[in-house]
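On a predicted model such as this, the values are computed, not experimentally measured, just so you know. Just so you know, these numbers use all the heavy atoms, side chains as well, and skip hydrogens, waters and symmetry mates. Reminder, nothing fancy here: chain letters follow the sequence lines and each chain counts from 1.
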There are 2 protein chains.
Amino acid sequence: MSKKNSEPTPKNTLGMDVSVDCVVFGFDNDTLKVLLIEQKQPDTVHLKTQNAVPGDLVLDNESLDEAAKRILQELTSLKGIYLKQFHAFGDPNRVRGLKDQQWLRTFRVNPERRVLTIGYYSLVKLSEFKPKAASFAGKTYWVDVYNIPSLAFDHNEIVHKALLMLRHELMADHIGFELLPEKFTLSQLQKLYEIILDKKLDKRNFRKNILRTETVTALEEKQQGVLHKPAQLFSKK
Amino acid sequence: MSKKNSEPTPKNTLGMDVSVDCVVFGFDNDTLKVLLIEQKQPDTVHLKTQNAVPGDLVLDNESLDEAAKRILQELTSLKGIYLKQFHAFGDPNRVRGLKDQQWLRTFRVNPERRVLTIGYYSLVKLSEFKPKAASFAGKTYWVDVYNIPSLAFDHNEIVHKALLMLRHELMADHIGFELLPEKFTLSQLQKLYEIILDKKLDKRNFRKNILRTETVTALEEKQQGVLHKPAQLFSKK
DNA sequence: TCAAAAGTGTTCCAATTACACCCATGG
DNA sequence: CCATGGGTGTAATTGGAACACTTTTGA
């Protein structure tokens, strides 16, 4: 717009790096968690470690969905995990912060190259999740989604937007059980909804609603070993 | 996944081209239209012309939203047009069709480079739309969204997904008036909804609903020069 | 006076909300 | 027998769906 045509328009002849970042949600019966990684460290020098959402460059011949699946499978051995693309983040300066420069210079073939990222979010059953060493990550850990530390790049914004999208989809498609074990009680499910939506729900109304949607089905089985009336167990239909 | 580590993982060291494609919707009181362009032609040889949705590579230092805005402004001089990012299309073979190879070899600095595109859709008031010559396009024209010819690349899929997203957002956010002139009647608005949603609506219920949402406001003005009872005019609130 | 679209209300049913007590179990 | 969470119903309100006739204008 502001360029005069004395200079040719700056076509992006260098290309861009394209990455996929996965906001992995997990639920521990009390808090909604997001999986963070420590950015991997060079073997030689020591960088100030930063936290980030797991992500990696998209490989040649790999679709975006495949890249997201790969990233998830490098972190755990789970299959069939819920994954959804939710937004592309393409600010030209999104990796230009001082805090991110050294890491890029260490790990990227072309550290000056612009990086576009496609955001996915993913729902995993925390009970079954066993972290694995991933090529792109150091240690991994879970943090409360309502208490996220300062992250690398624009990852705080990415997590925030993922949460908004998750709320939307929870209401529309009732995908909550993806975050719970195979067998769960309606109280667990309700608590999950309350924490994701960040508001209290009425027990009787919640049950009526969930049962009407027919996304879950009652098992012929009850909770065991609890110090109160054991609850009916449900699983996804 | 299937790679053994005898070969290094094929990192995308070439980078990708990143483009933005805009599905521009317009409404002519009868049909919902999509703006297509003829792919631009080289001055020398003559290619079989293909149709496509307007789009262009994202420039250096340009965000995705800015690129989408620029593409739209190169096609028309309208400002303040409704624009929304809706999906990233990243299949590694999305531009590998035979039909697209010659065009890429003619117009791209790196025709072999993988191209990722970010899909936007846009709502314009057809009444105010005056096409302009755009750097990336030959002729432009409008076609019925329910009768789209075969397009370049994966643009048929892009248009289809844009329509699904538009339907969603029309119901949720009542953005329909973005496709109508400043002043419109409720019958026009209803017809627009019917065509986008592809189903008939009840007149009385439609009016009750729209007025309850308070997204439109009645003007002190009526239709003129119609051969029936003139309708109340409305504008967006 | 006719044709054409504008405009308007009511009834019925389904969904949403608010609300409080008894029950089954383990310790 | 007590503490803990599990489990249940009803009434009031609100929103959605179905449905048909009268009005205003220009020709």
Could you state the atom-to-atom distance from [atom1] of [X] to [atom2] of [N] in whole Å?
X: A/F206; N: D/dG6; atom1: CZ; atom2: P; answer: 12 Å
X: A/L211; N: C/dT16; atom1: CG; atom2: C1'; answer: 16 Å
X: B/Q223; N: C/dA5; atom1: CD; atom2: C1'; answer: 9 Å
X: A/L201; N: C/dA18; atom1: CG; atom2: P; answer: 11 Å

Original post:
Counting only N and O atoms by type, is there a donor-acceptor contact under 3.5 Å from the side chain of A/Q190 to the main-chain atoms of A/L201?
Top reply: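 Flag set: sc A/Q190 to bb A/L201 pair under 3.5 Å.
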So does [X] pair up with [Y], basic N to acidic O under 4.0 Å?
X: B/K191; Y: B/D30; result: yes
X: A/D28; Y: A/K33; result: yes
X: B/K199; Y: B/E194; result: no
X: A/R94; Y: A/D100; result: no

Original post:
Would B/K132 and B/E74 satisfy salt bridge (Lys or Arg N to Asp or Glu O under 4.0 Å), going step by step from the backbone distance to the final call?
Top reply: CA-CA 7 Å; B/K132 243 173 47 175; B/E74 285 199 38; over 6 Å; no
Original post:
On DNA chain D, nearest-nucleotide positions of A/Q188 versus B/L227: which is more 5'?
Top reply: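 Looking at DNA chain D, the more 5' nearest nucleotide goes with A/Q188.
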**OP:** For nucleotides 7-17 of chain D, just jot down a letter per nucleotide in 5' to 3' order: B, S or -, based on protein non-hydrogen atoms under 4.0 Å.
**Re:** BBBB-----SB
